[in-house]
Amino acid sequence: MINSNSIALAIKFYRQRQNTPSLGWVFAITGISGILETLPILLSLPLIKTLFLSSGYVALGNTKIELSYYVVALMLLLLVRLLIGIYSQYVNASTRIRLLADFRAHSTASEREKMKTVFGKSVQSINFLLVGWSQLLPGILFTLAGIALFPSFGIIILSILLLWFIPMRILKKQQDESHEKVSALQANLEENTATTVLWRDARFKAAKLDSFNKNLREFIIVSTLIIGLFVAHALGLSFAGNSLLVVLMLLRGLQQLFTGYIMAQQVAALKGYLTEFSS
C-alpha cells in the first residue's frame, strides 16, 4: 500500500546530496526513538495494575519484579527516551537544514529562483520519510509482538484488517491519481495561466482525499479493536493475565503502522517534485 517509487525517489534524492549524515545512521536513530516512544507507555500499565492491587511486585508475564526496582528501571528508560528523542528530532531537523544550506551554497541565484520550490518540497519529503520510518518500525515490532503473545486474538484482528484492505486500496489509488494530476498541472502553471482553475480544483480534490485518509486512522483501528474484542468474547477467548497489555500493544502498534502509512502518502504526494532530481 506504500508507494515504493516515491520512497525510492526520496532516498535517491537524499543520497545524491553531500554533507549529510549516513541514511542508515539516521534511520537507526529515528527508528530507536520511535520504539522508545511507545515502550514506556506499555511498561507503565503493569505498574498501574500493581499499584491498584497494592502489590509489592510488578508482573511481566511469568516474571515478577520488585516494585522499587521496576520504578527505577522505568524512570531510567524514560530518561533514555528523552535523550534519544531530543537527538532524533535534532538529527531530522539538522539534516534538512544542511540540505537547504548546501543548495544555497552550490547554486546560482537563477538556479535558486527556478528550483527553490522543487528543492524545498523534496527536502520536505525527507522529513515525512524519517517520521514515517520512526512510526513504521515500532508499529511492525509491536504488532508482531502482540500477535505472537496472543495469537488467537491477533489472527482475529488481522482478519478484520484484511477486510479494510480493499476500500483503503481504492482510496489510495484515487489519492495518487489526484496528486499526479496536481503535479502535471503545476508544471504548466507558469506557462499557461488558464490551467489555474484546473490546478485549483485538482488541489481541492487532493486535499479532500488527504483529509479523509488521515482521519481514518482512529476509526479503522478502534473499530477493528472493538469488533475483534466482540468476536473474541463470542468465541470465549480468555483475557486473563497480561492479555490486556497485549491488546493495548496491538492497538498502539497498529496506530504507529497507520501513521507510517500516512507519512508514506505524504511522500507520494511530493513525487512530482522528487522526479526533478531522479536523473
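Inter-residue side-chain proximity for Ile221 and Phe258 is flagged as met; some heavy-atom pair is nearer than 4.5 Å. Tyr261 places none of its side-chain heavy atoms less than 4.5 Å from the side chain of Leu136. Leu158 has its side chain out of reach of Leu162: every pair of non-hydrogen atoms, C-beta onward, lies at least 4.5 Å apart. Tyr273 places a side-chain heavy atom less than 4.5 Å from the side chain of Leu270. Val58 has its side chain out of reach of Tyr69: every pair of non-hydrogen atoms, C-beta onward, lies at least 4.5 Å apart. The side-chain heavy atoms of Gln265 and Lys172, taken from C-beta on, include a pair separated by under 4.5 Å. Using a 4.5 Å heavy-atom threshold, the side chains of Leu76 and Val72 count as touching. Contact annotation: the side chain of Trp133 never approaches that of Val26 to less than 4.5 Å [non-hydrogen atoms, C-beta and beyond].
Looking at Glu37 and Arg252, a side-chain N of the basic residue comes within less than 4.0 Å of a carboxylate O on the acidic one, giving a salt bridge.
Judged by distance alone, the side chain of Asp102 and the main-chain N or O of Arg98 form no donor-acceptor pair under 3.5 Å. With Ser88 contributing its side chain and Gly85 its backbone, the two residues share no donor-acceptor pair below 3.5 Å. Side-chain atoms of Tyr70 come within 3.5 Å of backbone N or O of Leu43 as a donor-acceptor pair. The main-chain N or O of Lys271 is found under 3.5 Å from a side-chain atom of Thr275 such that the two form a donor-acceptor pair. With Ser94 contributing its side chain and Val91 its backbone, the two residues share a donor-acceptor pair below 3.5 Å. Checked by atom type and distance alone, the side chain of Thr38 never pairs as donor or acceptor with a backbone atom of Ile35 at under 3.5 Å. A donor-acceptor pair under 3.5 Å is absent between the side-chain atoms of Ser33 and the main chain of Ile29, judged by distance alone.
Val123 and Tyr90 fall into different hydrophobic clusters, where Ile, Leu, Val, Met, Phe, Trp and Tyr residues are linked whenever their side-chain heavy atoms come under 4.5 Å apart, directly or through other members. One hydrophobic cluster, built from ILVMFWY side chains closer than 4.5 Å, cannot hold both Ile84 and Ile86; they sit in different ones. Under the 4.5 Å side-chain heavy-atom criterion for ILVMFWY residues, no single connected hydrophobic cluster contains both Leu78 and Ile41. Connection of Ile147 to Ile155 is not established within any shared hydrophobic cluster, with ILVMFWY side chains joined at heavy-atom distances below 4.5 Å, either directly or through further cluster members. Hydrophobic cluster membership differs between Leu23 and Ile97, with clusters built from Ile, Leu, Val, Met, Phe, Trp and Tyr side chains linked at under 4.5 angstrom.
In this structure, CH2 on Trp164 lies 9.5 Å from CG on Leu161, to the nearest 0.5 angstrom. To the nearest 0.5 angstrom, Leu251 atom CG is 11.5 Å from Met249 atom CE. To the nearest 0.5 Å, the span separating CG on Asn92 from OH on Tyr87 amounts to 12.0 Å. Between atom OG1 of residue Thr63 and atom CD1 of residue Ile65 there is a gap of 6.5 Å, rounded to the nearest 0.5 Å. Separation of atoms OG1 (Thr20) and CZ (Arg15) is listed at 10.5 Å; rounding is to 0.5 Å. Rounding to the nearest 0.5 Å gives a distance of 11.5 Å between CD of Gln266 and OG of Ser6.
Atom OH of Tyr57 sits in a sparse spot, with 12 or fewer heavy atoms from other residues, nucleotides or ligands closer than 6.0 Å. Atom CD of Gln89 sits in a sparse spot, with 12 or fewer heavy atoms from other residues, nucleotides or ligands closer than 6.0 Å. Counting heavy-atom neighbours within 6.0 Å of Ile166 CD1, excluding the residue itself, gives a total of 12 or less. Within a 6.0 Å sphere centred on CZ of Arg217, heavy atoms belonging to other residues, nucleotides or ligands number more than 12.
The shortest non-hydrogen separation linking Gly146 to Val246 is O-CG1, 3.2 Å.
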Exercise for review: Let me see the working for Leu129 and Met263 under side chain to side chain contact (heavy atoms under 4.5 Å, CB included), right down to the final yes or no.
Suggested key: CA-CA 7 Å; Leu129 178 66; Met263 291 298 103; over 6 Å; no
Practice item. I would like to know whether Thr95 and Tyr14 meet side chain to side chain contact (heavy atoms under 4.5 Å, CB included); could you show each step before the answer? Key: CA-CA 10 Å; Thr95 295; Tyr14 183 91; 3.2 Å; yes
Point to revise | Working for side chain to side chain contact (heavy atoms under 4.5 Å, CB included), residues Leu216 and Leu171 | key: CA-CA 11 Å; Leu216 274 176; Leu171 176 61; 3.6 Å; yes
Practice item. Report the C-alpha distance between Val247 and Phe153 in whole Å, list the side-chain angles of each, state the deciding distance to 0.1 Å, and finish with yes or no for side chain to side chain contact (heavy atoms under 4.5 Å, CB included). Key: CA-CA 8 Å; Val247 171; Phe153 183 69; 3.9 Å; yes
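For an aromatic pair to be called close, the ring centres must be under 6.0 Å apart, and Phe119 with Phe13 satisfies this.
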